[in-house]
Chemist: 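One structure follows; several queries about it will come next.
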2 protein chains.
Amino acid sequence: MLDYPLLSALAAVIRTGSFERAAQQLHVTPSAVSQRVKLLEERLGSVLVVRGQPCTGTAAGLRLCQHVERVALLESDLRDTLPGLPPADAPLILRIAVNADSLATWFIAAMTGMPGCLFDLVLDDQDHSAEWLRQGEVVAAVTASAAPVPGCSSHPLGALRYRATASPDYMRRHFPRGVDEESLSRAPCLTFNRKDRLQAQWLATVSRKAPVPPTHWLPASQAFVDGALAGLGWGMNPDLLVAGHLAAGRLVELVPGRPLDVPLFWQQSRISGSVLADLTRAVLRAGRDVLHQPSAPQGGRDG
Amino acid sequence: MLDYPLLSALAAVIRTGSFERAAQQLHVTPSAVSQRVKLLEERLGSVLVVRGQPCTGTAAGLRLCQHVERVALLESDLRDTLPGLPPADAPLILRIAVNADSLATWFIAAMTGMPGCLFDLVLDDQDHSAEWLRQGEVVAAVTASAAPVPGCSSHPLGALRYRATASPDYMRRHFPRGVDEESLSRAPCLTFNRKDRLQAQWLATVSRKAPVPPTHWLPASQAFVDGALAGLGWGMNPDLLVAGHLAAGRLVELVPGRPLDVPLFWQQSRISGSVLADLTRAVLRAGRDVLHQPSAPQGGRDG
DNA sequence: CGCCCGATTAAGCAAAGCTGAACCATGCTG
DNA sequence: CAGCATGGTTCAGCTTTGCTTAATCGGGCG
């Protein structure tokens with residue numbers, strides 16, 4: 001059995017980024033933390049923490065940190081089935097990959113269903129999410145692609161509804177005679193990142209020639225909405241983010257009543273049982289409340 | 001983080017069944033073990049070990065022991081990816097449910113593919129195997145039924161070939177005029193346990209009236225063969241166990257060339273990664289070498 | 001150039017936790 | 001039924017771990 005007091009110190013340092021904060025998290029002096037980490041490094045014969053602002057883990061250090069978190073997950077399971085255990089010294093941290101639009105719209109609601117847990121969210125840029133799950137770097141992920149990760153269970157969440165939106169002013173400037181293929185190929189649009197195919201997908205549903213308009217790159221959900229509001233271009237925005245603007249007339253749909261539904265999936269690693277089960281339940285519940293259940297074409301914006 | 005030195009002591013006691021053996025496994029005196037367990041019990045406010053010959057765990061004690069083993073599994077994974085770690089103080093124990101006939105024929109070979117591991121085999125009497133897997137009491141199981149356990153991955157292993165066998169003497173006594181429905185319904189057969197449907201299954205393939213012969217109950221694989229050799233009755237025996245006897249004429253088939261193939265499945269819980277992956281690889285390899293790959297009707301002898 | 005923040009080292013001390021020996025319960029044997 | 005062996009527990013004493021406090025180092029910034 002490994003020396004867990006030592007490992008906890010290491011994990012706390014990497015987690016908090018400093019020996020001092022780690023010390024106060026563990027209720028000891030920074031000196032003690034330093035000694036623990038040093039001892040661990042000496043025993044293993046390799047550096048585990050790169051000292052700096054903030055302190056960060058080496059490859060070996062990160063791997064050990066990951067192990068500590070896995071054990072913590074098992075412990076939290078144990079606590080659920082066995083009352084009377086001493087309370088966890090550090091709150092449970094769930095590292096989860098989320099796509100940006102989910103985070104911007106409904107995922108916060110799901111997080112409120114897990115009181116007592118801390119979340120370490122990772123925006124799954126350029127499809128690293130599957131890799132992260134595979135490597136065990138995250139414990140679960142919500143992705144717009146159904147890419148199945150071995151060793152994980154996948155639950156459909158429902159679809160996030162997107163609307164092609166722009167400001168009324170923008171519409172007047174670029175579509176004075178209505179939306180047609182000609183104007184669509186000239187009017188600038190917004191694109192989240194290189195992986196974002198949403199605009200192209202929507203264009204394919206309204207035009208058979210699939211025009212390729214000039215585009216801005218705006219890799220943030222709210223910035224995407226703001227860009228549309230400012231008249232920079234049109235873009236596919238989550239209904240949930242723009243419904244108010246649409247109702248108030250600050251934004252309009254390029255083609256009214258032509259949304260695009262992107263199915264989302266919850267992928268959950270199977271290291272541990274009941275905590276993740278609770279989490280999955282909370283996420284599915286939150287998703288059910290907000291996402292559209294009928295199925296739709298797949299493949300979405302992952303960054 | 002829980003107190004793992006204390007937990008190790010508890011696990012060692014339950015594992016070895018005695019404070020003394022636990023002590024020598026942990027390289028301390030029995031006194032120390034006693035104190036550790038006592039401290040743990042005081043802290044949790046409940047008895048964890050029922051003292052006796054052998055010492056055994058209470059419900060809470062077993063649950064804690066299970067947790068320790070899970071952590072050990074995670075640690076063994078860690079060791080695989082991170083060289084330089086101190087060697088495990090206790091060898092890794094894999095608790096696995098196996099059906100009796102697999103254990104009697106091919107499973108030992110699979111175990112040799114995992115040097116450095118210890119096995120704690122559980123004969124999955126009366127279909128408890130699924131429940132054990134579900135509860136996490138075993139980490140994997142080989143079963144004759146394809147019953148899918150949630151949270152586990154199931155791999156087909158191939159089929160165990162059974163032959164309806166009896167001694168030549170027995171044949172002369174009970175089937176003097178050959179095997180027919182009349183004689184089949186009178187000749188005593190062997191049955192492994194109440195769950196064993198193999199004899200009935202085979203009878204259904206050779207007779208449309210499915211006779212119900214009188215039966216002995218013999219809940220052990222080798223005893224089953226011995227019973228047939230002794231002329232107690234006929235029974236479905238694994239080809240692998242009786243091939244020699246058949247070749248030497250000590251046993252004969254009731255109906256030559258009419259075997260029964262029972263497909264086997266390897267079910268593996270997904271607590272942990274690489275150790276179980278190795279195990280699965282070893283088991284599948286051993287199975288492939290010995291079991292019949294073409295598919296066959298399912299449902300076998302589980303006890 | 002010197003100050004400040006944060007990590008490290010050194011010294012001393014408290015206590016956790018071990019050993020060894022005595023003690024007790026249980027079950028087996030003469 | 002006494003006597004004894006086995007195995008768990010208790011107690012006293014000591015070792016050692018690992019903490020704190022305080023001094024030291026080193027790098028970034030005014």
Side-chain angles (χ1 to χ4, degrees), chain A residues 1-58 60-62 64-65 68 71 85-87 89-90, chain B residues 1-58 60-62 64-65 68 71 85-87 89-90:
Chain A
M1 201 105 294
L2 298 175
D3 193 327
Y4 284 92
L6 262 46
L7 288 174
S8 311
L10 172 70
V13 168
I14 295 182
R15 206 94 308 283
T16 65
S18 108
F19 283 67
E20 205 161 33
R21 281 188 293 272
Q24 76 189 66
Q25 193 174 73
L26 300 175
H27 306 114
V28 293
T29 57
S31 170
V33 175
S34 175
Q35 290 172 51
R36 285 202 208 170
V37 172
K38 184 154 198 277
L39 187 55
L40 199 55
E41 290 183 322
E42 278 169 2
R43 284 192 189 163
L44 295 184
S46 61
V47 182
L48 300 174
V49 173
V50 293
R51 277 68 169 174
Q53 306 301 354
C55 288
T56 160
T58 64
L62 289 172
L64 286 171
C65 189
V68 170
V71 171
L85 256 60
D89 35 19
Chain B
M1 202 107 290
L2 298 174
D3 194 327
Y4 284 92
L6 261 47
L7 289 174
S8 311
L10 171 71
V13 168
I14 296 182
R15 207 87 313 272
T16 64
S18 110
F19 283 65
E20 207 162 30
R21 282 187 293 273
Q24 76 190 66
Q25 193 173 73
L26 298 174
H27 307 113
V28 293
T29 58
S31 170
V33 175
S34 175
Q35 291 172 52
R36 284 201 210 172
V37 172
K38 182 153 198 270
L39 186 56
L40 199 53
E41 290 182 322
E42 279 170 2
R43 285 194 189 161
L44 295 183
S46 60
V47 182
L48 300 174
V49 173
V50 293
R51 276 69 170 174
Q53 307 301 352
C55 288
T56 159
T58 64
L62 288 172
L64 286 171
C65 189
V68 169
V71 171
L85 255 60
D89 35 20

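Proteins come first, then strands; the chains are lettered A, B, ... in the order of their sequence lines, and each starts at number 1.
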Chemist: Check B:Val13 against B:Cys55 and note the closest heavy-atom contact, atom names and distance.
Modeler: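 That closest heavy-atom pairing would be CG1-CB, 4.1 Å.
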Chemist: Which residues within residues 33-41 of chain A lie with some heavy atom under 4.0 Å of an atom in DNA chain C?
Modeler: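 Output list: A:Ser34, A:Gln35, A:Lys38.
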Chemist: So where does chain B start and stop touching DNA chain C, 5' to 3', when the test is distance under 4.0 Å to a non-hydrogen atom?
Modeler: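 Listed 5' to 3', the contact boundaries are C:dC18 to C:dG20.
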Chemist: State the OG1-CD distance between A:Thr29 and A:Gln24, to the nearest 0.5 angstrom.
Modeler: 12.0 Å
Chemist: Using the heavy-atom set of chain A and a strict 4.0 Å cut-off, write down the first and last nucleotide of DNA chain D that makes it in, 5' to 3'.
Modeler: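 Counting from the 5' end, contacts occupy D:dC19 to D:dT21.
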Chemist: Do B:Thr58 and B:Glu41 touch side chain to side chain, with heavy atoms closer than 4.5 Å?
Modeler: no
Chemist: Might you point out which heavy atoms bring A:Ser18 and A:Arg21 nearest each other, and give the distance in Å?
Modeler: OG-N, 2.9 Å
Chemist: For a quick test of reading the model, state the closest non-hydrogen atom pair linking B:Arg36 to B:Pro5 and the distance between them.
Modeler: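 Closest approach of B:Arg36 to B:Pro5, heavy atoms only: NH1-O, 2.8 Å.
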Chemist: For the CG atom of B:Leu10 and the CG atom of B:Asp3, what is their distance to the nearest 0.5 Å?
Modeler: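 It is 11.5 Å, given to the nearest 0.5 Å.
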Chemist: Say you draw a straight line from CG of B:Leu39 to CG of B:Leu6; how long is it, rounded to the nearest 0.5 Å?
Modeler: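 Reported value, rounded in 0.5 Å steps: 5.0 Å.
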Chemist: Which heavy atom in A:Ala9 sits nearest to a heavy atom in A:Leu26, and how many Å separate them?
Modeler: CA-CD1, 3.7 Å
Chemist: Look up atom OG in A:Ser34 and atom CZ in A:Arg51, then write down how far apart they are to the nearest 0.5 Å.
Modeler: 6.5 Å
Chemist: Is a donor on one side and an acceptor on the other found under 3.5 Å between the side chain of B:Thr16 and the backbone of B:Ala12?
Modeler: yes
